[in-house]
Peer 1: 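Sharing a structure below in C-alpha cells format, with a few things to ask.
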Number of protein chains: 2
Amino acid sequence: MKQKKITIKEVAQIANVSKGTVSRVLNNEAGVGDANRERIQKIMKDLNFEPNEIARGLASRRTGNIGFIIPHEAGYYLSNNYWPILLSAITKQAAQKEYHVLLSTPQVEGKIDDAYKRILKGKRVDGLIIGSELLSLKQLDFLHHQAVPFVLVGKHSHVQNNFVDIDNRGAMISLTEHVISMGAKKILFIAGPRDYPSVQERIQGFEDCVEKYQLPHTQICHSYYDVPIVDNLIHDYIITKGKPDAIISGAGDFVIQIIEACKKQKLRIPQDLHFASFDFFKYFSMMSPAITSIAQPLEEVGITAFSMLINLIKKSSQSPQPPQILPCRLIKGESCGENSSEPFNKP
Amino acid sequence: MKQKKITIKEVAQIANVSKGTVSRVLNNEAGVGDANRERIQKIMKDLNFEPNEIARGLASRRTGNIGFIIPHEAGYYLSNNYWPILLSAITKQAAQKEYHVLLSTPQVEGKIDDAYKRILKGKRVDGLIIGSELLSLKQLDFLHHQAVPFVLVGKHSHVQNNFVDIDNRGAMISLTEHVISMGAKKILFIAGPRDYPSVQERIQGFEDCVEKYQLPHTQICHSYYDVPIVDNLIHDYIITKGKPDAIISGAGDFVIQIIEACKKQKLRIPQDLHFASFDFFKYFSMMSPAITSIAQPLEEVGITAFSMLINLIKKSSQSPQPPQILPCRLIKGESCGENSSEPFNKP
DNA sequence: TTGAAAGCGCTACCAT
DNA sequence: ATGGTAGCGCTTTCAA
C-alpha cells in the first residue's frame with residue numbers, strides 16, 4: 001500500500017548518472033547531453049518520481065510558498081466578499097505558477113503582530129502579500145528587517161512602491177456623478193472608518209463632486225464596517241436636514257442595513273430616494289431594485305499583486321516595482337431610478 | 001539590515017554544547033540537565049534564534065502544514081459563507097497548534113484532481129482536511145495510496161471513519177416542524193442538487209415531517225447552488241398546486257432569489273407565506289422580516305476536523321477516529337410570522 | 001558534459 | 001546527561 005518514495009538517488013542509479021545530473025534535468029538547467037536528458041526524463045516519469053520540495057527548499061533556500069496576510073480576524077474579514085475573493089484570486093494565480101499560499105490572520109482583531117511573526121517564523125515563505133490596512137510602522141520595520149520581499153494591497157502612507165490599489169477616488173466620482181445625473185441633490189454619504197486610506201480617498205472623490213456640482217445639503221458620516229450604525233446616521237440626517245434624496249453607501253457592508261433603515265423611514269427606493277453603493281456583491285443584481293454599485297477589479301488586484309511579488313522574489317536585485325492603480329467599474333442597476341420613465345419625484 | 005540567520009550550530013558553540021543538546025532543548029526533550037537547559041534557552045532567546053522549519057521538516061519528515069481542500073472553484077465556493085467560515089475556523093485552530101494551512105482548490109469546477117495532486121506533490125503537508133462533496137472513489141484511492149492522513153468534512157458513501165458532519169436530517173426536522181407549528185401546510189421545499197449527501201439527508205428530514213404531520217400538498221424540488229433557478233420552481237408550484245403557504249429554502253444561497261420571486265408573485269412574507277431557510281448568513285437577522293433559519297456549527301466543525309486530523313498525524317498507529325455529527329441551531333426570526341399576533345391568514 | 005563532494009540546518013541514533 | 005556522527009533529499013560548487 002504505502003508506496004516507497006523514490007528519490008533523486010534512485011533515479012541517478014537507474015540512469016547510471018550522478019545525482020547532480022539528475023538535478024540539472026529536474027531544474028531544466030543546461031549542462032546535460034540531449035540524449036541523457038531525455039533518457040532521464042523518461043525514467044523520472046516511469047518511476048513517477050516527485051522531488052521532495054522540503055529538501056529542495058533546504059538546499060536552494062526557496063520554499064515555493066507565499067504568505068497572504070489578511071489584517072483582520074476571521075469573523076470580520078468574512079463579513080464581506082472582499083478578502084475571500086482576493087484570497088481566491090491570489091490562490092488561483094499562485095497555483096498556476098506552482099506556488100502555494102499560506103494564509104495568516106490575527107487571532108484577535110487588531111493583534112496583527114502574531115500573523116506576521118507566525119508566518120515569517122522558520123522561513124516558510126518566499127514572500128508576502130499583505131493587506132495594507134492597519135499596518136503599523138513597527139511592523140513595516142519588522143518586515144524590512146526580516147528582508148522578506150512583500151507587496152501591499154492598498155496604499156500605505158509610508159510605502160511608495162510595491163503596492164497595488166484600486167482607484168477609490170475615481171470610482172467614487174463616477175458613482176456620485178451617476179447619482180447626481182439621476183437628479184439627486186441632497187446626498188447622504190455613509191463612509192467607512194476615518195482612518196482607512198481608502199475611505200479618505202472615497203471621501204475626496206465625493207467632495208470633488210460636491211464642489212463641482214455645488215451641492216449644499218450633502219453630508220458625510222462614518223460607520224464601522226463590522227458593526228454598522230446606519231440607522232442613527234440616517235435618522236440624524238433627517239432631523240437636521242430633512243429627508244435626503246439619495247444615499248451613497250461607502251461599502252457593500254452597509255447595504256442591507258441601509259435598505260432596512262429606509263423601509264423604516266418609509267423612503268421607497270428608487271421613488272423617494274436614490275441609492276447606490278461602493279462594492280459589488282453578487283446579490284446586488286438579484287434584488288429589486290438592483291443596486292447600482294461599484295465593482296472592484298479584485299481578480300486583477302490579486303493577479304497584479306502576485307506577479308509583482310514574483311518579480312521581487314526572482315530578481316535578487318529587489319528592484320522596487322512601480323505601484324499599480326486599477327480602475328473600478330460602475331454597474332448601473334435600478335436603485336437610482338435608472339429605468340423609471342417618470343422624472344425624479346423630489347420630496 | 002539583513003540580519004544574519006542564527007542556526008543551531010551557533011547556539012551550540014556559544015553554549016559550549018553539541019548541536020544535539022541544543023536540539024533536545026528546542027524540542028523539549030528529556031536528556032538535558034536543568035542548568036544547561038535553562039542556560040541554552042536563555043541563549044536562544046538572546047540570540048533571537050528561530051529554527052529553520054524547512055530543515056526541521058527534512059530531518060524529521062514533518063512539515064507543520066496541513067492542507068485544506070475545498071472541492072469547488074473559487075467563484076463558486078465564495079458565493080456563500082460556508083467554505084470561508086470553515087476555512088477561517090480551521091486556520092484559527094491550526095494557528096493555535098502551531099500549524100499552517102495550505103489551501104487548495106480546483107482551478108475549474110469539477111476538476112478536483114489538480115487540487116489533490118498539487119498539494120500532495122512534494123510532501124508539503126502532514127495531513128489533509130477535505131470537503132467530502134464530489135470526492136470520487138478514484139481520488140479516495142489516490143489518497144490511501146499516498147498514505148496521507150486525512151479527515152473529511154461531510155459524509156461520503158465509502159468512508160466510515162475520520163469525518164465530521166452536521167446533523168442535516170435533525171436540523172431539517174426542527175426547521176420544518178417550526179414552520180408547521182406556525183400554521184403552514186402547503187410547503188414548497190427548495191433543495192440543493194440531488195447528488196449531495198447533505199441534500200439527501202435534508203430531504204429525509206423534510207419527508208419525516210410530511211409523513212408525521214400528514215401534509216398532502218408539499219413538494220420537493222431542486223436547484224443548483226451556483227445558478228439558482230428559483231423563479232421557475234415557485235412558478236411551477238403555483239401552476240400545479242396553487243399558492244404555497246410556506247417555502248423552505250434548502251440552502252442560504254437561495255434566499256435572496258426566493259424573496260425576490262415572492263415579491264413578483266405578490267406573496268408577502270410572513271403575511272401570505274411563511275419562509276425559512278437552512279444556513280444562517282449574518283444579514284438574515286438584519287432583514288425585515290428577519291429570516292428564520294438553521295445555523296450550522298461551522299466553528300465546531302472546523303475545530304473537530306482539525307483535532308481529529310492531529311490525532312491521526314500524531315498516532316502513527318493511524319487508529320481511525322469515530323465520526324462526529326454535530327447538531328445545528330434553529331434561529332427563530334420573523335419570517336414565519338413568529339411575532340404577529342394575528343393567526344396565519346391562509347389564502 | 002559530467003561526477004564527486006560539500007553543504008543546507010536540523011534530527012536521531014549510538015556511544016560514552 | 002551529553003557528544004559525535006550519520007543522514008534527510010536535494011542543490012551547488014569545483015574538477016575533470
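Only this structure's heavy atoms are used, side chains among them; waters, hydrogens and symmetry mates stay out. The sequence lines fix the lettering, A, B, ..., with proteins before strands; numbering per chain opens at 1.
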Peer 1: Under the side-chain contact (heavy atoms from CB on, under 4.5 Å) test, which residues partner Lys42(A), sequence neighbours left out?
Peer 2: Asp46(A)
Peer 1: Counting heavy atoms not belonging to Lys155(B), are there more than 12 under 6.0 Å from its NZ?
Peer 2: yes
Peer 1: Under the side-chain contact (heavy atoms from CB on, under 4.5 Å) rule, collect the residues that match up with Arg24(B), sequence neighbours excluded.
Peer 2: Thr21(B), Glu29(B), Val32(B)
Peer 1: Evaluate the salt bridge (charged side-chain N to carboxylate O under 4.0 Å, His left out) criterion for residues Glu98(A) and Arg118(B): first the C-alpha distance (whole Å), next the side-chain angles of each, then the deciding distance (0.1 Å), finally the verdict.
Peer 2: CA-CA 8 Å; Glu98(A) 307 264 85; Arg118(B) 214 176 320 121; over 6 Å; no
Peer 1: Checking side chain to side chain contact (heavy atoms under 4.5 Å, CB included) against Leu102(B), which of Asn65(B), Leu128(B), Ile69(B) comes through?
Peer 2: Asn65(B)
Peer 1: Going by side chain to side chain donor-acceptor pair (under 3.5 Å), name the residues that satisfy it together with Ser132(A), two or more places apart in sequence or in a different chain.
Peer 2: none
Peer 1: Per the end-axis method with five pairs at each terminus, what is the bend angle of the helix from dT1(C)-dA16(D) to dT16(C)-dA1(D), to 10°?
Peer 2: 40°
Peer 1: Quick one: how far along DNA chain D does chain A reach, first to last nucleotide 5' to 3', anything under 4.0 Å to a heavy atom?
Peer 2: dG9(D) to dT13(D)
Peer 1: State, yes or no, whether a side-chain contact exists between Ile66(B) and His100(B) at a heavy-atom distance under 4.5 Å.
Peer 2: no
Peer 1: List for me each residue that meets side chain to side chain donor-acceptor pair (under 3.5 Å) alongside Asn28(A), sequence neighbours excluded, and say none if there are none.
Peer 2: none
Peer 1: Identify, with sequence neighbours excluded, every residue that meets side-chain contact (heavy atoms from CB on, under 4.5 Å) alongside Ile14(A).
Peer 2: Ile43(A), Leu47(A)
Peer 1: With sequence neighbours left out, what residues match Tyr99(A) under side chain to side chain donor-acceptor pair (under 3.5 Å)?
Peer 2: none
Peer 1: I'd like to know if the side chain of Glu133(A) pairs up with that of His72(A) as donor and acceptor (distance under 3.5 Å, no hydrogens or angles considered).
Peer 2: yes
Peer 1: Name all residues meeting the side-chain contact (heavy atoms from CB on, under 4.5 Å) criterion together with Ala59(A); count only those two or more places apart in sequence or in a different chain, and write none if there are none.
Peer 2: none
Peer 1: Which side-chain N or O atoms in residues 298-307 of chain B pair as donor and acceptor under 3.5 Å with protein atoms at least two apart or in another chain?
Peer 2:
from      : atom 1 : to        : atom 2 : distance (Å)
Thr304(B) : OG1    : Glu300(B) : O      : 2.6
Ser307(B) : OG     : Thr304(B) : O      : 3.2

Peer 1: Find which nucleotide of DNA chain C each of Val17(A) and Ala59(B) is nearest to by heavy atoms, and output the residue with the more 5' nucleotide.
Peer 2: Val17(A)
Peer 1: Classify Thr7(A) by what it touches in the nucleic acid, base, sugar-phosphate, or nothing, heavy-atom distance under 4.0 Å.
Peer 2: sugar-phosphate
Peer 1: Please list, in numerical order, the residues of residues 24-35 of chain A that have a heavy atom closer than 4.0 Å to any atom of DNA chain C.
Peer 2: Arg24(A), Gly31(A), Val32(A), Gly33(A)
Peer 1: What are the bounds, 5' to 3', of the part of DNA chain C that sits under 4.0 Å from heavy atoms of chain B?
Peer 2: dG9(C) to dC13(C)
